[in-house]
Structures are given as structure tokens and as C-alpha cells.
Amino acid sequence: MKPKELKKEALSNFSGKFLKLLSMQFIYLLIVFAISLLTGFLVSKTSASSSMSSLFLLIYYIISFPLSFGILSVTMRMSKKEDVSSTEFINVSLKKFISYWKVMLRIFIKILLPIILFFIIAVFVTTFVLTHTSTITELSNTTFILSYLVSLITIVFIIYLVLPYALSLFILHDNPDKSSKEILEISSNMMKNNKFNYIKLLLSFIGWYLLFGIIAYISKEFLPQIVSMFIDYIPTLLLVPYITITQLAFYENVKNNIDSKDDTSVETEE
């Protein structure tokens, strides 16, 4: 299905439920904001070193990330017509805390070695190019170009590595008894021949991000800081639920296509 069709299907599936999605996202933002304030307060009060600041930041991520999976899981239950409360995602994130981080850790391990090899090659190529640059001006220009080029290629490369596992959390919800290894294998199989479609789906939201970016820029220039800070959260409040239900429509579409192919092959064998 095309991105436009997936979005239409997603909005249709969640007709009359979007307010609950927004309320969940709002509660999530309040919790994350509170955790952020608490970690910031601890850093300022303890005169923490850079290592301690990094530790507090790590704790913030460890707590907040599973909450986003809780929202995803509850959203999937809502798509099955289950009646859930706006705070149910907190219970889910606590129950699935270990399972979530097992999947995330396995993804990290999967992509770690290729990333290390990539950086080794990047350092080698960069060093080679810079050592063969003759003048100071050329060296400055070459360094500037290489830094942006390497950054761009790094982002693209990491996206390429992570893309096969894009459906892992959806699969975790549907298959809570499967191991993290099995979940990644299922996701990789589901994303075969679907990577480009998934990229197109994500790119279809660029217009929204640009709009919210312009609004955020204008608010920072002309509005008080406290107002601007809250406006910065609007994309997360409004856009994230929309993207989530569209990704869910993509996942269900891919899963149904695979199931229908399996049924067809079984009938052919019979």
C-alpha cells in the first residue's frame, strides 16, 4: 500500500480514538519532562562531573524509552478494539521493561561491529585524503567537506543497519513469548522487499516536520521562552501518535501479505 493509503487506513481504524492517543502522549510527555527536570536537578545539586552527568542522562533514557513501547503496545491493543485507560501504557512499560531492553540490546549488538568497521574505514580514508592535501586552504576546505560527508554517510549507514529491525517492537507486542533473537529474525524477514516502502512512508511525514520546525523557529524568535518550550513539544504530542498508527498500519499490511502468501503456498501443496 502507498503511504497515502496507509495513513487513510490508520485514521479510519482509530476514528473516535485519537483523543485517547493524544491523552496518552500528553501523560507520557509529562512523565518524561518530570524525569528530565529531576535528572537536571540532581546534576546541578551534586555538582556532578561529566561522567556523572552522562550517568544521569543514561538513567533518563533507560526509564523513558520503555514508556514509548508501552504507548505502542496499548495503541496496538486499541486497534483490536480493546478498552484501555490512558495510563495503561505505564503498566505495560513496567511489565515489558526487561523484554524491551533485551530487544534493544540485541539490535545494538547486531549493528555494533559494522559501525566500528565503518569508522575505521572512514578514519583511514579521511587521514589518507588529508595527508595528500598540499596547502592550508585546501586542508581547511577538505576537512569541512569531509566532516559533513562522513556525517551524512554515517547517518545513512546506521539507518541501513537498523532498517531490518524496524518492526521489532510491534512483533514483541504480538509475540511476548519469543526471544529477542527470534523477534529480530522475524522483523528482518518481514522487512525483506519492504525497506524502500517503509522509507517512503517515513519520508511522507517530512512536510509535517518542516511545518512544525518553522513554527518552533518563529516561537523562539517572537514568544517568551516558557511558551516556546511548550510549543517545541507540539510535534511530539500531535505528530508521534499519527506516525505510530500509520506504522502500525504498515506492520499489519506486511503481516497480512505474508500470511496470505503462506496460506496460498499451503493450498498449492495440498
Side-chain angles (χ1 to χ4, degrees), residues 32 35-36 39 43 48-69 72 93 96-134 138-173 175 178-203 205-206 209 240 243 247 250-251 254:
V32 169
I35 296 172
S36 178
T39 52
V43 169
S49 62
S50 58
S51 58
M52 285 300 295
S53 298
S54 299
L55 177 61
F56 284 129
L57 184 63
L58 180 62
I59 293 172
Y60 165 77
Y61 288 135
I62 289 174
I63 296 173
S64 60
F65 279 15
L67 289 170
S68 62
F69 171 70
L72 172 63
S93 64
K96 299 297 180 182
F97 185 87
I98 301 298
S99 299
Y100 171 85
W101 280 114
K102 281 182 178 179
V103 172
M104 291 295 102
L105 182 60
R106 185 166 287 276
I107 293 174
F108 176 74
I109 292 171
K110 281 272 189 180
I111 69 174
L112 182 59
L113 181 58
I115 289 175
I116 291 173
L117 292 175
F118 171 81
F119 276 111
I120 291 173
I121 295 170
V123 169
F124 175 79
V125 172
T126 302
T127 304
F128 177 81
V129 172
L130 293 178
T131 53
H132 287 74
T133 304
S134 54
E138 286 182 359
L139 180 63
S140 177
N141 292 335
T142 304
T143 302
F144 177 79
I145 293 170
L146 280 176
S147 62
Y148 278 93
L149 188 60
V150 170
S151 298
L152 178 62
I153 295 174
T154 300
I155 293 170
V156 172
F157 184 63
I158 291 175
I159 291 173
Y160 170 78
L161 292 176
V162 174
L163 207 54
Y165 314 119
L167 302 179
S168 297
L169 296 181
F170 297 93
I171 298 166
L172 173 60
H173 170 83
N175 304 273
K178 289 191 180 296
S179 67
S180 57
K181 180 181 179 181
E182 291 173 315
I183 288 171
L184 265 60
E185 288 174 352
I186 295 171
S187 178
S188 182
N189 289 332
M190 291 181 71
M191 287 299 289
K192 284 179 182 177
N193 304 320
N194 286 301
K195 296 183 183 72
F196 182 64
N197 292 331
Y198 188 72
I199 291 173
K200 283 197 301 182
L201 178 63
L202 296 182
L203 290 176
F205 292 99
I206 281 182
Y209 278 112
V240 170
I243 294 174
Q247 288 175 313
F250 175 86
Y251 166 72
V254 172

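All of these numbers come straight from a predicted model, not from anything done at the bench.
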When rounded to the nearest 0.5 angstrom, what distance separates [atom1] in [X] from [atom2] in [Y]?
X: Leu67; Y: Ser93; atom1: CG; atom2: OG; answer: 4.5 Å
X: His173; Y: Tyr251; atom1: NE2; atom2: OH; answer: 8.0 Å
X: Leu161; Y: Leu112; atom1: CG; atom2: CG; answer: 10.5 Å
X: Phe196; Y: Leu203; atom1: CZ; atom2: CG; answer: 8.5 Å
X: Ser180; Y: Ile171; atom1: OG; atom2: CD1; answer: 12.0 Å
X: Phe157; Y: Leu152; atom1: CZ; atom2: CG; answer: 13.5 Å

Could you report the tightest heavy-atom contact between [X] and [Y], atom names first, then the distance?
X: Leu163; Y: Met191; answer: O-CE, 3.5 Å
X: Asn194; Y: Phe250; answer: O-CZ, 3.7 Å
X: Trp101; Y: Tyr61; answer: CZ2-O, 3.7 Å
X: Phe118; Y: Thr154; answer: CE2-OG1, 3.1 Å
X: Phe170; Y: Gln247; answer: CZ-CB, 3.7 Å
X: Leu169; Y: Phe69; answer: O-CE1, 3.4 Å

Strictly distance-based, threshold 3.5 Å: is any side-chain N or O of Thr127 a donor or acceptor partner for the main-chain N or O of Val123?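 Yes, the answer is positive, given that a donor and an acceptor are paired below the 3.5 Å cut-off.
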When you compare the side chain of [Y] with that of [X], does any pair of heavy atoms fall below 4.5 Å?
X: Lys178; Y: Ile186; value: yes
X: Lys195; Y: Pro164; value: yes
X: Val254; Y: Tyr198; value: no

Taking side chain to side chain contact (heavy atoms under 4.5 Å, CB included) as the test, write out the residues that go with Ser168, two or more places apart.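 Once residues adjacent in sequence are excluded, the partners of Ser168 under the side chain to side chain contact (heavy atoms under 4.5 Å, CB included) criterion are Val103, Ile107, Tyr165, Ile183, Leu184, Ser187.
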Take atom NZ in Lys181; do more than 12 heavy atoms of anything else shown fall under 6.0 Å from it?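 For Lys181, atom NZ is not crowded (no more than 12 foreign heavy atoms under 6.0 Å).
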